[in-house]
Amino acid sequence: MKKIEAIIRPGKLDSLKDALGAHGVNGLTVTQVIGCGKQKGQTQVYRGVEYNVHLIPKVKVEIVVMDQYVEEVIQVITKVARTGEIGDGKIFVSAVENAYTIRTGATGENAL
Amino acid sequence: MKKIEAIIRPGKLDSLKDALGAHGVNGLTVTQVIGCGKQKGQTQVYRGVEYNVHLIPKVKVEIVVMDQYVEEVIQVITKVARTGEIGDGKIFVSAVENAYTIRTGATGENAL
Amino acid sequence: MKKIEAIIRPGKLDSLKDALGAHGVNGLTVTQVIGCGKQKGQTQVYRGVEYNVHLIPKVKVEIVVMDQYVEEVIQVITKVARTGEIGDGKIFVSAVENAYTIRTGATGENAL
Amino acid sequence: MDTGDTSFIMICTALVFLMTPGLALFYGGMVRKKNVLSTLMHSWIVIGLMSLQWILVGYTLAFGPDIHGLIGGLNWLGLNGVGIDPNPDYAATIPAIVFMAFQMMFAVITPALISGSFAERMRFPAFIAFVLLWATFVYDPLAHWVWGVGGFLRTLGALDFAGGNVVHISSGYSGLIVALVLGKRKGLGKESMAPHHIPMTVLGAGLLWFGWFGFNAGSALGASGLAGMAFVNTNTAAAAAAVAWAVVERLHRGKSTMLGAASGAVAGLVAITPGAGFVTPLSSIFIGLVGGIVCYLAISIMKAKFGYDDALDAFGCHGIGGTWGALATGIFATKTINSAGADGLFYGNASLLGIQALSVLITVVFAVVATFIILKVIGLVMKLRVSEEQEAIGLNLSLHGEEAYPDFI
Amino acid sequence: MDTGDTSFIMICTALVFLMTPGLALFYGGMVRKKNVLSTLMHSWIVIGLMSLQWILVGYTLAFGPDIHGLIGGLNWLGLNGVGIDPNPDYAATIPAIVFMAFQMMFAVITPALISGSFAERMRFPAFIAFVLLWATFVYDPLAHWVWGVGGFLRTLGALDFAGGNVVHISSGYSGLIVALVLGKRKGLGKESMAPHHIPMTVLGAGLLWFGWFGFNAGSALGASGLAGMAFVNTNTAAAAAAVAWAVVERLHRGKSTMLGAASGAVAGLVAITPGAGFVTPLSSIFIGLVGGIVCYLAISIMKAKFGYDDALDAFGCHGIGGTWGALATGIFATKTINSAGADGLFYGNASLLGIQALSVLITVVFAVVATFIILKVIGLVMKLRVSEEQEAIGLNLSLHGEEAYPDFI
Amino acid sequence: MDTGDTSFIMICTALVFLMTPGLALFYGGMVRKKNVLSTLMHSWIVIGLMSLQWILVGYTLAFGPDIHGLIGGLNWLGLNGVGIDPNPDYAATIPAIVFMAFQMMFAVITPALISGSFAERMRFPAFIAFVLLWATFVYDPLAHWVWGVGGFLRTLGALDFAGGNVVHISSGYSGLIVALVLGKRKGLGKESMAPHHIPMTVLGAGLLWFGWFGFNAGSALGASGLAGMAFVNTNTAAAAAAVAWAVVERLHRGKSTMLGAASGAVAGLVAITPGAGFVTPLSSIFIGLVGGIVCYLAISIMKAKFGYDDALDAFGCHGIGGTWGALATGIFATKTINSAGADGLFYGNASLLGIQALSVLITVVFAVVATFIILKVIGLVMKLRVSEEQEAIGLNLSLHGEEAYPDFI
Ligand SMILES: Nc1ncnc2c1ncn2[C@@H]1O[C@H](COP(=O)(O)OP(=O)(O)O)[C@@H](O)[C@H]1O
Ligand SMILES: Nc1ncnc2c1ncn2[C@@H]1O[C@H](COP(=O)(O)OP(=O)(O)O)[C@@H](O)[C@H]1O
Ligand SMILES: Nc1ncnc2c1ncn2[C@@H]1O[C@H](COP(=O)(O)OP(=O)(O)O)[C@@H](O)[C@H]1O
């Protein structure tokens, strides 16, 4: 099992959800985050005080899937979330050792 | 060391915290998330425009513990967070390689 | 590649971002969290009802870096985020198997 | 007709109107995020319902020609005959339609006040049925008894300048009954039920205070010195109660809170309502101080002790504060302020206090019994309380299909 | 001069003023978080711009000595000659400067209303140019036609008590044109465009309703019985429409919403505006009920059908509701309420309905054509719409360099 | 007594009241989330404290029978003798109690204004002590000097229609001193101190503008043409300043902001306050434009240069704007608007400007010195500033034991 963590533009969330659903991936968890990287933040001015805000609103989508789906999910994300402009975001993949469904008590891949 | 990530119903947070405390687990970190899976979202209507909102408010609880406690913590979560209805949530377990306590500089299991 | 997850005091975010930037680390993702551990929560009273709130506002900073930078980043965090009082927070390190830059399609260490 | 008086009462009517949206926010800030729209809706839909009820039947039931001191006749059904000429029985210098409108806003806010006690758990259809029945069978008669020419409490000599009995005691005790009948919110005492937005509550309290000038000063029914006196008394009692609450809280819990100071102001406004046009400003300080303290004690000690779930303290604030205010009027009223009033205990006339106590008692018994019956009757036809699941999800979504702050990202 | 009337109109002026900040919040709560400041700014800067425009040229264009029934002369440029003496042509008992101020607040809110239809996508300089041109070339003439002594619609016998044509129809239809010319928001129908803060919208609706008492009752220009009648009609129609919307929504979608009940109230306020001083309270119930229903249908069915992006329903609410109100005035007006008015269809005079229909038609055609021309002219000089990137980032940041809630942590 | 005037002043009193809750929100939106309740509390508790102080001692100190032009006698302690009969010395057509109430609201808002300069760092007990001492030893004398019969600045011929000196200059400069004595907020210039809720600030600004009509027009003490003129001047200056700020900001930083346009309006309202009843509407445009610009420069350039931490710009807005307004009155005042006033420089009378400048100087020196002494005295008894830890945690929790938005989930 792998956890795929995608940090994407907030506006892309809806279409990503739909696209993943179309590929049979229905379980995911979304967090509101702010982040920085190459993308330049907007300058903000409040009563004449300038803030160069480096942290930009993003959305983190976490999807835990069986190993064999990782490739496909990453392709879907890369396709849907790309605009080609700096700030499209990153995907990180890491290992998950076990999963449980609280309701049923199912464990491992059955839990997904 | 393992990280136990539980995605549960928001209303279960307080009792989970108490139950974990009763088992000696005091350190945890909580994030407000939204997620989807089998649970159907509520339809929302704003001025006649219908949104079938699939992403439902959940709470993510992250607990880093020594390997020998994983089993116990998972049992506590499964017990406390279960209602038996779809949407109770998932638990994911993954490996943590190292931990540090910023205040003391303690590392590894001493940091927990 | 490693993911460094630091849970710190909200007030330390700005200086941490700057300090990391000074060490050439520019990519990071920030989440608003609440957590508990040794730090005692503040008692809150609303119309005479007392809440002993155990969950305290923190900030989670996630930084994915190449293995050789882990040490340095942890030193920076430990230095900047420490006040010496209980509640300074934790750092957790875990393995990341792969990374992708959505915009460019770069993978692995090139994606960072 | 006097344009100055008419101008004053029309604007006061608008001010009293604003109290109900203000109340919506005052209450809305105190519930959990997942229920705020349901709470706002309680006040908002009541504006709609009661504005119509009052025009169609409420006004004539309350102020129509007296029938045995108990109720107004149906002569003015649908505002028949209520026009631009003054009705000298009630206000000789303003158009009857303006007097009607001023009274309407009182009829609007009262059921909305009740909704605080059963927030976060009542079904919406049951709420609507309750409001319409309660207004017709509790509010309208009570308004007649106290304010209607020939009404028996008025004839008895009970003083209620701006609605201590009619508005506050009635809503407070009725609210308590609804809270008891519905039962506690699930998780009370275990989960956090802390307010979700205190600045919203402060805004609401500010609008309430502002509107209350219309409520109390407007009850003089003209731009007179008496109105000015009521105005000053209103502000004074609110101020004293806000300070009193903050001080008591500090003594009791170590810290003064913003929510407490806002709640205190409302308690003071409630307490001064019946006496606003009968007492001196110095008495108002005292009425406010005591008002702030007794409501604090009721809400933070008595409620915990008895364990009823008066969610937003409609009873603790309006029931208790209103009772204190009615009695305080019996103590501090003086003819030097209002020659049409009476002297109270403090000015050598103990009998007024007795009359006030009796009028409180009658109001409480009537409100309690009638509310209970109404709930039982509604309960025959429909469920009163939401399901456990609806309560867990939150009433915004489960009853109204909306979220309050849907733009998560 | 009468101090009662003057007091009344000054306070009403303040109430109407408050409607525009109220509108800012009403609209602001309905947009996405990333655009709320842009939406607030639309209303706020209009207060600034129009207050100056009105004093300098607007007032004299609208109310200055008539030129061929089409426009006011420039005699009162910069308020020259507009002082503390009453102008008996318009209001014999209040200072001319107060009449001017009262009218100013109408000129302020109207362009702000339009901004609802093109929220979340217009460039700020283009918006400013549009407001100034629209006010000068659409609002001012229209106000003259309908209210100015000698104005041709007034001479025709068209009734518009408080601005159905001048304020609502004009802003609604103009808004539709702007929405069509600018095109839809990117992602409409695909991304969620749900409101970001419904309590903010409810607060705004509450302030609007409160201010509307000044708008409609103040249009009697004195603290008279007629003002009282307009006051009651205003409240009644709003109440009826709020209830109607909630009911229709329940029938159509299964649930009554808070946003719906607030929207309904505004629809009812719009609908009663032209007739407030001409109809009875019972007619107002009907006007409100129908107003709530037709606006609901326009917004939730017609808009989807035709696919225009009237973002916050300036057209659906003000265009449609205002049209219904103008026609309803032709149906329900009665001289028993206002002897200076006329009888409508329901009282045996079919011709009034014809006149009202004609005046609506003229207003719509004029507003539509003039708005279109103005947009084309501005389009020659600057871009009207933000870039795709600005729209994606949100107008708070891209146009104003601010976030609404910057304290993320 | 005149019912029209009385009606007007009572409602204006209510409007001025509303300014303080409005100010609470205006300020509250500008602080960080963790301090918003502390900031709201500053304004709210001041309403409580000052309402009582004014009734008990403030009113008689300010308006009681003159003693050597310096202070009022204690004759009216506890409102002794202040009743429903008019006091012709101040307002012949309204009850004395109403005049007292109107003035009270000025005494309430002034200390609340100061709190903007030292937001996010003052201890609550020290704040309370400061407010009570400042009101008694600075505000009350100053009000007597400028407005009291026999007050020496009034006798000198200084014009201050609605409180430029008494309210704005005094609060602005006093605020600066408190900010300097307390020192800067920890982390200023390093951490983000951006506002946490700009729509809340906009709402507050809207309520302030609305209430300011009562403040300035009400200062005519009757529903007169002069009141109407003050009303229009108030609106005009606010509008001009909002636009001016937006334009300057755009020129200076590239973008007009919502926070800027709201701040500008407040700056304009401050600037017109002393002259509202003495100048023409066209002069008001100029006063507003300059007011917006100088306050912008003070806040965004001068503050950064000198490095004082006037957190919410009480000095930048009220100190600077008030000074400009007082001088502008010396320039633009004209007897054609107010025969009880005087002509200014622009109308050929240079001496008025000198008198105004002198009165500003006296006010500034007095406020600065007295505030400094008061702080030192309080500092002997208790700490003024919160601990570093309290500041880091935030004042909501550390001082009041509450969170503003506790429903995290
Ligand atoms: N090394 C990193 N660790 C964690 N998050 C990162 C890292 N680099 C980038 N991110 C996240 O990805 C987002 C987009 O990155 P950015 O470099 O701005 O654009 P791009 O992905 O197009 O190169 C950032 O805002 C941040 O949230
Ligand atoms: N594959 C997954 N990856 C990440 N999060 C998931 C996944 N599946 C479910 N979740 C999270 O768990 C929550 C509950 O899942 P759901 O399928 O609705 O109910 P249940 O856990 O009872 O089967 C979801 O809202 C989502 O946040
Ligand atoms: N075992 C844990 N798992 C996850 N998060 C933890 C754990 N222990 C502590 N934390 C996080 O670290 C924060 C600080 O921990 P705390 O024990 O209060 O102080 P300190 O780090 O100084 O010992 C907590 O609020 C929580 O968010």
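The structure displayed is predicted, hence computed values, not measured ones. To find a chain, count down the sequence lines: A is the first, B the second, and so on, and within it residues start at 1.
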Exercise. For chain A, which of F:M258, F:H252, F:M193 has the most heavy-atom pairs under 4.5 Å?
Worked result: F:M193
Problem set entry | A:Y51 versus chain F, the contacting section by heavy-atom distance below 4.5 Å | side chain
Exercise. By a 4.5 Å heavy-atom criterion (distance strictly below it), what part of F:I198 contacts chain A: side chain, backbone, both, or neither?
Worked result: side chain
Exercise. What part of F:T257 lies closer than 4.5 angstrom to a heavy atom of chain A: side chain, backbone, both or neither?
Worked result: side chain
For this session: May I ask you to decide whether F:E120 forms a salt bridge with F:R32, counting only side-chain N to carboxylate O separations under 4.0 Å?
Result: yes
Exercise. Within a strict 4.5 Å, meaning less than it, do heavy atoms of the F:T323 and F:Y173 side chains meet?
Worked result: yes
Exercise. If you count heavy-atom pairs under 4.5 Å between each of F:K303, F:E249, F:K255, F:M30 and chain A, which one has the most?
Worked result: F:M30
For this session: Please tell me if the side chains of A:R9 and A:K58 come closer than 4.5 Å, counting only heavy atoms from C-beta onward.
Result: yes
Exercise. Are A:E62 and A:K3 close enough for a salt bridge, meaning some N to O gap below 4.0 Å?
Worked result: yes
For this session: Ignoring hydrogens and angles, state whether a donor on the side chain of F:W209 or F:N235 is under 3.5 Å from an acceptor on the partner side chain.
Result: yes
For this session: For chain A, find which of F:P195, F:G316, F:G189 contributes the most heavy-atom pairs closer than 4.5 angstrom.
Result: F:P195
Exercise. Under 3.5 Å, is there a donor-acceptor pair between the F:H196 and F:Y405 side chains?
Worked result: yes
Exercise. What part of F:A304 gets closer than 4.5 Å to chain A, counting heavy atoms only: side chain, backbone, both or neither?
Worked result: neither
